[in-house]
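Please read the structure below before turning to the comments.
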Amino acid sequence: MTIKDKILGKLISNKGTPVSGEKLASELSVSRAAVWKHIKTLRGEGYMIDSTTNRGYSLTGAPDLLAPAQIKAGLNTCIIGKEIHYFKEIESTNTKAREIAHSAEEGTVVIAETQSGGKGRIGRKWLSPEGGIWLSIILKPKIQPLHAARLTLLAGLAAAKTIQGMSIEAKIKWPNDVLVKGKKVCGILTEMEAELDRIDYCVVGIGINANVDTELFPEEIRDLSTSLEHELGHAVNRNWFVRRLLEEFEKEYLTFQKDGFSSILEEWRNMSGTIGEYVKITTQAKTIYGEAVGVDDDGTLVIETNDGKLEKIVAGTCEHLRRT
Ligand code: ATP
């Protein structure tokens, strides 16, 4: 964490009560002039900081920006989000996370206000305008590479539960989307680097349309997407949301490491919007129509086709169709 972030963290944790420049300087082992310089920079970034002679600095307002110091203030996790790399603009948080993954601690997060080249599955694009939450988490799980798809389900569950915690009815669409009233509010992209029998690292990208105006999306996506702001009727405090999401993610991740995947899967099934739906599945090899009847241990979707056969789908695109 930079000195500037540490100063901001201290102002946040003092909740508007002034902290003297002298105290900040001695606690952070810098000069009072350096404290003043960072306060000036923070003001330049939109933070409203009052300064009163003899009493010190107090934070009276913050810009609507993601800020690692604000995310970390009160963050109740052991590994996830201990280190946060923040960018105003980036090509892709997943790409950045992959660049730094080898030397990064597990749980390191890369987060950005906008992505110019946000990625979806199989080369698709993920729109990432201002107001959204675009983040990637670096993980180094001790699991077999063939079980990596479980992390996508786990991330979808964490995102859906966090959204549900705001009294928005969220459902998970297999394998990697969170929907509200049938519209996409969140997408997940898991990428990994692995040997045959061992994962070097996984990067779990989570994109959330938080305070995004999806009316501005291109026509073909507009009607299929929504945002938290739209569903709630007011903007979301994104730093608060990220904190809740990271806490939820860590809870699921630690349960997965300690007790295995079955309890995660059970919760996933309960929040699934896909099981019970009549779906169209497109894989590289074929297109299948049928009812989604279950998801097995590795996240494989089980389809009962029209002629009563069970088909297992490891990867593919899933469309929910209305029965005719
Ligand atoms: P789908 O199931 O919606 O066909 P997918 O889950 O297979 O898509 P993803 O990689 O998850 O594919 O998402 C990429 C797709 O999501 C894009 O092709 C586009 O249609 C849509 N999309 C892109 N950006 C957003 C966004 N910010 N919000 C909602 N949907 C988006």
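Whatever order the structure lists ligands and atoms in, that order sets their numbers, starting from 1. Everything quoted here is computed from the prediction, not taken from an experiment.
Atom 2 (O) of ligand 1 has as its closest protein heavy atom K173 NZ, 2.8 Å. Looking only at heavy atoms of the protein, atom 31 (C) of ligand 1 is closest to W126 CZ3, 3.4 Å. When only non-hydrogen protein atoms are considered, atom 23 (C) of ligand 1 lies nearest to K125 O, 3.3 Å. For atom 10 (O) of ligand 1, the nearest non-hydrogen atom of the protein is R121 N, 2.4 Å. Looking only at protein heavy atoms, the nearest one to atom 4 (O) of ligand 1 is T317 CG2, 3.9 Å. Protein heavy atom at the shortest distance from atom 11 (O) of ligand 1 is N176 ND2, 3.0 Å.
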Counting only pairs under 3.5 Å, give me each side-chain donor-acceptor contact of residues 24-34, with atom names and distances, residues two or more places apart or in other chains.
| residue | atom | partner | partner atom | Å |
| --- | --- | --- | --- | --- |
| S26 | OG | K23 | O | 3.4 |
| E27 | OE1 | K10 | NZ | 3.0 |
| S31 | OG | A34 | N | 3.0 |

Under 3.5 Å, which donor-acceptor pairs link side chains of residues 135-144 to any protein atom two or more places apart or in another chain?
| residue | atom | partner | partner atom | Å |
| --- | --- | --- | --- | --- |
| S136 | OG | T93 | O | 3.4 |
| S136 | OG | T93 | OG1 | 2.7 |
| S136 | OG | N94 | N | 3.1 |
| S136 | OG | N94 | OD1 | 2.6 |
| K140 | NZ | A101 | O | 2.8 |
| K140 | NZ | H102 | O | 3.4 |
| K140 | NZ | A104 | O | 2.7 |

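The residue among R124, E319, K119 with a heavy atom at the shortest distance from atom 18 (O) of ligand 1 is R124.
A salt bridge is absent between E247 and R243; no separation between the charged side-chain nitrogens and carboxylate oxygens falls under 4.0 Å. Salt bridge status for R98 with E193: present, with a side-chain N to carboxylate O gap under 4.0 Å. Ion pairing between K88 and E113 fails under the 4.0 Å rule for side-chain N and carboxylate O.
Y201 and E106 form no side-chain donor-acceptor contact under 3.5 Å, judged by distance and modelled atom types alone.
Considering backbone and side-chain N/O atoms, L127 comes within less than 3.5 Å of an N/O atom of ligand 1. In terms of N/O distances under 3.5 Å, ligand 1 is approached by K184. On a distance-only criterion, S225 and ligand 1 share no N/O pair closer than 3.5 Å.
Per-residue contacts place N209 under 4.0 angstrom from the following atoms of ligand 1 (heavy atoms of the residue considered): 26 (C), 27 (N), 28 (N), 29 (C). Numbered from 1 in the order shown, with element, the atoms of ligand 1 that lie under 4.0 Å from a heavy atom of F217 read 26 (C), 27 (N), 28 (N). If you number the atoms of ligand 1 from 1 as listed, the ones under 4.0 Å from a heavy atom of D177 come out as 2 (O), 3 (O), 6 (O), 11 (O). Near G120, with a cut-off below 4.0 Å to any heavy atom, the atoms of ligand 1 are 10 (O).
Residues R121 and L189 are in side-chain contact: their nearest non-hydrogen atoms beyond the backbone lie under 4.5 Å apart. Put simply, the side chain of L310 does not reach to within 4.5 Å of the side chain of I303, judged on heavy atoms.
A donor-acceptor pair is defined here as one N or O able to donate and one able to accept, closer than 3.5 Å; such a pair exists between the side chain of N237 and the backbone of N239.
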